[in-house]
Amino acid sequence: MTLRQLFPFLLAPWLLGQALANPYETTLDNGLRIIVKEDRRAPTAVHMVWYRIGSVDEVDGQSGVAHALEHMMFKGTPSVGPGEFNRLVAAAGGRDNAFTSRDYTAYFQQIPKEKLGEMMQLEADRMRHLNVDPKEFEQEIKVIMEERRMRTDDDPDAKLFEQMNAAAFLVHPYRRPIIGWMDDLENMSATSLKAWYDTWYVPNNAYVVVTGDVDHQAVFELARQHYGALAARPLPARRDLVEPRQEGPRRITVKAPAELPSLLLAYKAPILRDPKNDRDPYALEILTAILNGHDAARFNKKLVREDKVALSAGVGYDSTARGPGLIFLYGTPSEGRSVAELEAALRAEIDRIRQDGVSEAELKRTRAQLIAGQVYKLDSMFGQAMEIGQTEAVGLAWKDVDTMRERLQQVSAADVQAVAKKYFDDNALTVGILDPQALDGKPRRPAVATRH
């Protein structure tokens, strides 16, 4: 459930210098920012276009429009026919796709470095000249509805998460699913997608991230050549809705065909807004890793292997987002154990940290795991581009990464104990329980991603 873990720390000096010597950035006259991370280890490049628009910006009755437009972005322009975008990327020796989140929509290609200009030309073309053809939309909305059936309606755990999320937030748009409610999809039109595209797909609402075996000045020049002629347009004012304070626990039960019950506990949690001065989000990141960040973490060791109260148990927390945050505890009880027993066991592990804290040895072991994750991430050009893009998408800056690493390594055992006491409050808790019903005998389709 966690999108990513925050950036670890204590890298060897040579590795730290290599990682942080760049990116470089510039802003075109039309407001489009270009961020370049040079990495000479392989003759490839990653090109990503990020739009500051996601499902959080939708309104009731139009849920899913951001994701639906992402699909339509592959349906062609006057100069590139439907499906040709994918074919041209493949012909260049690359791969491509796109993804929509609550906070942003992004498109990427990973290609040989000499093909970077061609990718910019393709993306600039569809940034301004997309065909939102009603006939193409009629076919694609059927694909999206089938995707929803596969990913949510036929997946009892996904259905539980969707309904628990809708209960946890009363006002904030995070209560709506990214893919959209089925009724909204059934009533969506090509006209609403075209309006969304015309409003938000403009250079001053986007930024480009390039990583790989490139020279940043050459990339800036390519960007001016391909993106520079696109005109900026005024953006509508956005209102950040404030979720009212939760005044007591909420519980929902979802009945669905399934083999086993499952449990979700969602607590309201802080989001990183000020990387230099915020404290609690860093401590919560460490806490989640202590509970479930490695094989020797507490949930797996205590609940699964020792007490055998859970077949699986985990924790999820994303400290960066445009909207409010949640920290999740989740699991499936072992055979012969109940959901109530699992809930008590999850709570007991939090209570242990509240009362006894965590040891320095446990803290050190968790940090070692986080360091390993950072090293692996640096091996991936795509991972580096994702880190930059996601950091920018939630209102932070890639330049904040240094500060976040430093602040994370300053988390103490006392900080971890303090956030365990502060945020696991029943008054800010939403509980979701999957009550398994008899399987209907229908074959379960795998929730695989559709090819756009």
Exercise for review: State plainly whether the residues Arg52 and Glu392 are in salt-bridge range, i.e. N to O under 4.0 Å.
Suggested key: yes
Review point. Taking all non-hydrogen atoms of both residues, which atom of Ala206 and which atom of Leu32 are closest, and how far apart?
Key: O-CD1, 3.4 Å
Check your understanding: Would you say Asp29 has more than 12 foreign heavy atoms packed within less than 6.0 Å of its CG?
Key -> no
Practice item. Please say which of Trp398, Phe99, Tyr107 ends up in a ring-ring contact (aromatic ring centres under 6.0 Å, His included) with Trp50. Key: Phe99
**Study point:** Ring-face cation of Arg95 near Phe108 (centre distance under 6.0 Å, axis angle within 45°)
**Key:** no
Practice item. For the pair Arg407 (side chain) and Asp278 (backbone), establish whether a donor and an acceptor sit closer than 3.5 Å, ignoring hydrogens and angles. Key: yes
Review point. Taking all non-hydrogen atoms of both residues, which atom of Gly180 and which atom of Ser63 are closest, and how far apart?
Key: CA-OG, 3.4 Å
Review point. Hey, is Asp198 close enough to Lys194 for a salt bridge, meaning N to O under 4.0 Å?
Key: yes
**Study point:** Pair Tyr267 + Phe328: ring centers closer than 6.0 Å
**Key:** no
**Study point:** salt_bridge(Arg279, Asp415) N-O dist < 4.0 Å
**Key:** yes
Check your understanding: Between Gln109 and His47, does any side-chain donor sit less than 3.5 Å from a side-chain acceptor?
Key -> yes
Exercise for review: Please name the pair of heavy atoms, one in Leu284 and one in Ala269, separated by the smallest distance, quoted to 0.1 Å.
Suggested key: CD1-CB, 4.2 Å
Exercise for review: Quick one: do Asp280 and Lys422 satisfy side chain to side chain contact (heavy atoms under 4.5 Å, CB included)? Show the steps, please.
Suggested key: CA-CA 9 Å; Asp280 289 353; Lys422 183 175 182 180; 3.0 Å; yes
**Study point:** Salt bridge Arg176-Asp60, side-chain N to carboxylate O under 4.0 Å
**Key:** yes
Check your understanding: Hey, is the main chain of Val209 close enough, under 3.5 Å, to the side chain of Arg33 for a donor-acceptor pair?
Key -> no
Practice item. Give the intermediate values and the outcome of salt bridge (charged side-chain N to carboxylate O under 4.0 Å, His left out) for residues Lys142 and Glu140. Key: CA-CA 5 Å; Lys142 295 176 183 176; Glu140 197 62 28; over 6 Å; no
Check your understanding: Less than 4.5 Å apart, any side-chain heavy atom of Ile178 and any of Arg102?
Key -> yes
Point to revise | Working for side-chain hydrogen bond (donor to acceptor under 3.5 Å, both in side chains), residues Thr105 and Glu70 | key: CA-CA 7 Å; Thr105 308; Glu70 176 216 311; over 6 Å; no
Check your understanding: Between Asp57 and Arg239, is there a side-chain N and carboxylate O pair less than 4.0 Å apart?
Key -> no
Check your understanding: Do the side-chain N and O atoms of Thr391 and Asp400 include a donor-acceptor pair separated by under 3.5 angstrom?
Key -> no
Revision key, fill the gap. Nearest heavy-atom approach of Val80 to Leu122 is CG2-CD2, 4.0 Å
Point to revise | Residue from Glu114, Lys113, Lys115 passing side-chain contact (heavy atoms from CB on, under 4.5 Å) with Ile111 | key: Lys115
Check your understanding: Do NZ/NE/NH1/NH2 and the carboxylate oxygens of Asp133 and Lys75 come within less than 4.0 Å?
Key -> no
Practice item. I would like to know whether Leu272 and Tyr282 meet side chain to side chain contact (heavy atoms under 4.5 Å, CB included); could you show each step before the answer? Key: CA-CA 8 Å; Leu272 188 65; Tyr282 300 113; 3.6 Å; yes
Check your understanding: With the threshold set at 4.0 Å, does a side-chain nitrogen-carboxylate oxygen contact exist between Arg148 and Glu162?
Key -> yes
**Study point:** NZ/NE/NH1/NH2 to OD/OE distance under 4.0 Å, Asp154 and Arg149
**Key:** no
Exercise for review: Examine the side chains of Asn204 and Asn30 and answer whether a donor and an acceptor come within less than 3.5 Å of each other.
Suggested key: no
Check your understanding: Among Val56, Leu241, Leu326, which one satisfies side-chain contact (heavy atoms from CB on, under 4.5 Å) with Tyr174?
Key -> Val56
Point to revise | Exercise: do His71 and Glu147 side chains pair donor with acceptor under 3.5 Å | key: yes
Review point. Any side-chain donor-acceptor pair under 3.5 Å between Asn131 and Thr77?
Key: no
Check your understanding: Sub-3.5 Å donor-acceptor pair from the side chain of Tyr201 to the main-chain atoms of Tyr51, do we have one?
Key -> no
Practice item. For the pair Ser79 and Asp125, evaluate side-chain hydrogen bond (donor to acceptor under 3.5 Å, both in side chains) and give the outcome as yes or no after the intermediate values. Key: CA-CA 8 Å; Ser79 59; Asp125 180 39; 3.1 Å; yes
Review point. Hey, does the side chain of Thr211 reach the backbone of Met381 with a donor-acceptor pair shorter than 3.5 angstrom?
Key: yes
Practice item. Say whether Ser319 and Glu285, considering side chains only, have a donor N or O and an acceptor N or O under 3.5 Å apart. Key: yes
Practice item. Might you work through the side chain to side chain contact (heavy atoms under 4.5 Å, CB included) test for Met182 and Asp153, ending with a clear yes or no? Key: CA-CA 10 Å; Met182 185 62 83; Asp153 297 342; 3.7 Å; yes
Check your understanding: Is the backbone N or O of Asp157 less than 3.5 Å from a side-chain atom of Asp155, with the two atoms forming a donor-acceptor pair by type?
Key -> yes
**Study point:** Expected output: side-chain Lys268 to main-chain Arg245 donor-acceptor under 3.5 Å
**Key:** no
Check your understanding: Taking the side chain from Arg175 and the backbone from His172, do they hold a donor-acceptor pair closer than 3.5 Å?
Key -> yes
Review point. What is the minimum heavy-atom distance between Ser192 and Ser189, and which atoms define it?
Key: OG-O, 2.7 Å
Exercise for review: Output yes when a side-chain donor or acceptor of Arg322 lies under 3.5 Å from a complementary backbone atom of Asp103, and no otherwise.
Suggested key: yes
Practice item. Could you check if a side-chain atom of Thr27 sits within less than 4.5 angstrom of a side-chain atom of Ile34, using non-hydrogen atoms only? Key: no
Check your understanding: What's the verdict on side chain to side chain contact (heavy atoms under 4.5 Å, CB included) for Phe424 and Leu287, showing C-alpha distance, side-chain angles and the deciding distance?
Key -> CA-CA 12 Å; Phe424 291 89; Leu287 173 61; 3.6 Å; yes
**Study point:** Where Leu170 and Arg250 come nearest, the two heavy atoms and their spacing
**Key:** CD1-NH2, 3.4 Å
Point to revise | Donor-acceptor contact present, side-chain Glu136 to main-chain Pro82, <3.5 Å | key: no
Check your understanding: Quick one: do Asp274 and Lys276 make a salt bridge, cutoff under 4.0 Å?
Key -> no
Review point. Would you say the side chain of Gln139 lies within less than 4.5 Å of the side chain of Lys135, judging by non-hydrogen atoms?
Key: no
Point to revise | Donor-acceptor pair between Asp39 and Gln384 side chains, under 3.5 angstrom | key: yes
Check your understanding: Backbone N or O of Leu130 within a donor-acceptor pair of the Tyr197 side chain at under 3.5 Å?
Key -> yes
